[in-house]
Amino acid sequence: VVPGIMCINAYAGFVKMTKFCKTRVPPALRQKMEELNALPEGASDAIKQFGIEFGVEMCQKLMDGGAPVLHFYTLNLEKVVYGVMDGLGLSANASAATNEADAALQAAKGSAWARVGDIVTSNAFSGEGVVLEIDQATGNAKIEVKETKTVVDLEKGKFAKKF
């Protein structure tokens with residue numbers, strides 16, 4: 001059996017995924033997440049740090065219990081996973097190499113995150129397009145349609161990353 005680990009990265013993601021997966025969350029964990037989310041500033045960083053600490057503790061218990069390997073579902077959010085790996089001694093300072101500078105530039109449709117340079121599809125054009133820019137405030141994007149070399153402006157949710 002290979003345990004699949006989805007680390008805690010953000011309050012909204014925690015709530016969404018535990019509801020979607022119908023996960024039973026221990027009351028102490030839910031209370032801790034509520035407390036961290038209520039912080040006036042720095043909640044995001046505090047939740048990530050807690051995600052690392054909680055992940056290290058959980059993964060260590062799994063390995064001590066005989067798990068042959070661990071499988072991490074990163075969802076393109078590698079910072080906490082790297083922190084867990086560092087905390088377990090499986091890597092050395094990997095979390096320092098993470099770069100979240102473009103995190104605010106991501107736009108989502110479902111769980112398909114798109115960044116500048118990504119290939120996307122849309123019902124607004126045929127074929128594929130390349131994201132040229134994403135408006136931080138709205139998530140709207142300028143996309144160059146590959147086939148026609150024209151640039152279209154699309155609202156967030158009207159395009160999806162091609163995998």
Handout entry: Hydrophobic cluster membership, I52 vs L90, 4.5 Å side-chain cutoff
Key =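 Hydrophobic grouping puts I52 with L90.
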
Handout entry: Co-membership, hydrophobic cluster, residues Y82 and V56, 4.5 Å side-chain
Key =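 Different clusters: Y82 never reaches V56 through Ile, Leu, Val, Met, Phe, Trp or Tyr contacts under 4.5 Å.
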
Problem - Parallel, tilted or perpendicular, as decided by the 30° and 60° cut-offs, for the rings of Y73 and H71 - result: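 Taking Y73 first and then H71, their aromatic rings stand perpendicular (interplane angle over 60°).
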
Counting distance only, does the side-chain N/O of [X] pair as donor-acceptor with the main-chain N or O of [Y] below 3.5 Å?
X	Y	result
N37	Y11	no
T23	V25	no
D86	N93	yes
D153	K142	no
N9	C7	yes

Exercise for the section: Report yes if the side chains of F72 and L70 come closer than 4.5 Å at any heavy-atom pair, otherwise no. Expected result: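 Yes, side chains in contact.
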
Practice task
May I ask you to test the K61-E57 pair for a side-chain heavy-atom distance under 4.5 Å?
Solution key: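 In short, these two side chains touch, coming nearer than 4.5 Å.
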
Exercise for the section: Go through the steps to decide whether F54 and I8 satisfy the test side chain to side chain contact (heavy atoms under 4.5 Å, CB included), and finish with yes or no. Expected result: CA-CA 8 Å; F54 185 81; I8 296 171; 4.1 Å; yes

Exercise for the section: Under the side chain to side chain contact (heavy atoms under 4.5 Å, CB included) rule, what do M58 and I5 come out as? Steps first, then yes or no, please. Expected result: CA-CA 9 Å; M58 179 177 61; I5 313 297; 3.7 Å; yes

Exercise for the section: Check step by step if side chain to side chain contact (heavy atoms under 4.5 Å, CB included) holds for I143 and V151. Expected result: CA-CA 5 Å; I143 298 169; V151 176; over 6 Å; no

Handout entry: Step-by-step salt bridge (charged side-chain N to carboxylate O under 4.0 Å, His left out) determination, E128 to K146
Key = CA-CA 6 Å; E128 300 174 343; K146 284 184 169 183; 3.3 Å; yes

Gap separating the [atom1] atom of [X] from the [atom2] atom of [Y], nearest 0.5 angstrom:
X	Y	atom1	atom2	answer
L154	N123	CG	CG	10.0 Å
K161	I119	NZ	CD1	10.0 Å
L36	I47	CG	CD1	5.5 Å
L77	M6	CG	CE	9.5 Å
K79	Q49	NZ	CD	9.0 Å
S44	L39	OG	CG	11.0 Å

Please report the closest heavy-atom contact between [X] and [Y], naming both atoms and the distance.
X	Y	answer
G51	V84	O-CG2, 4.2 Å
A141	V131	CB-CG1, 4.4 Å
L62	P3	CD1-CB, 4.0 Å
A10	M33	O-CE, 4.4 Å

Handout entry: F125, CZ atom: more than 12 neighbouring heavy atoms under 6.0 Å
Key =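 Counting neighbours around CZ of F125, more than 12 heavy atoms of other residues, nucleotides or ligands fall under 6.0 Å, so yes.
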
Exercise for the section: Flag the pair R30 and E34 as a salt bridge only when some basic side-chain nitrogen lies within less than 4.0 angstrom of an acidic carboxylate oxygen. Expected result: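 So R30 does not pair with E34 through a salt bridge.
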
Practice task
Consider only side-chain N and O atoms of D64 and Q60, and report whether a donor and an acceptor are under 3.5 Å apart.
Solution key: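 Yes.
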
Exercise for the section: Before giving the answer on side chain to side chain contact (heavy atoms under 4.5 Å, CB included), spell out for F20 and V15 the whole-Å C-alpha distance, their side-chain angles and the decisive distance to 0.1 Å. Expected result: CA-CA 8 Å; F20 177 74; V15 171; over 6 Å; no

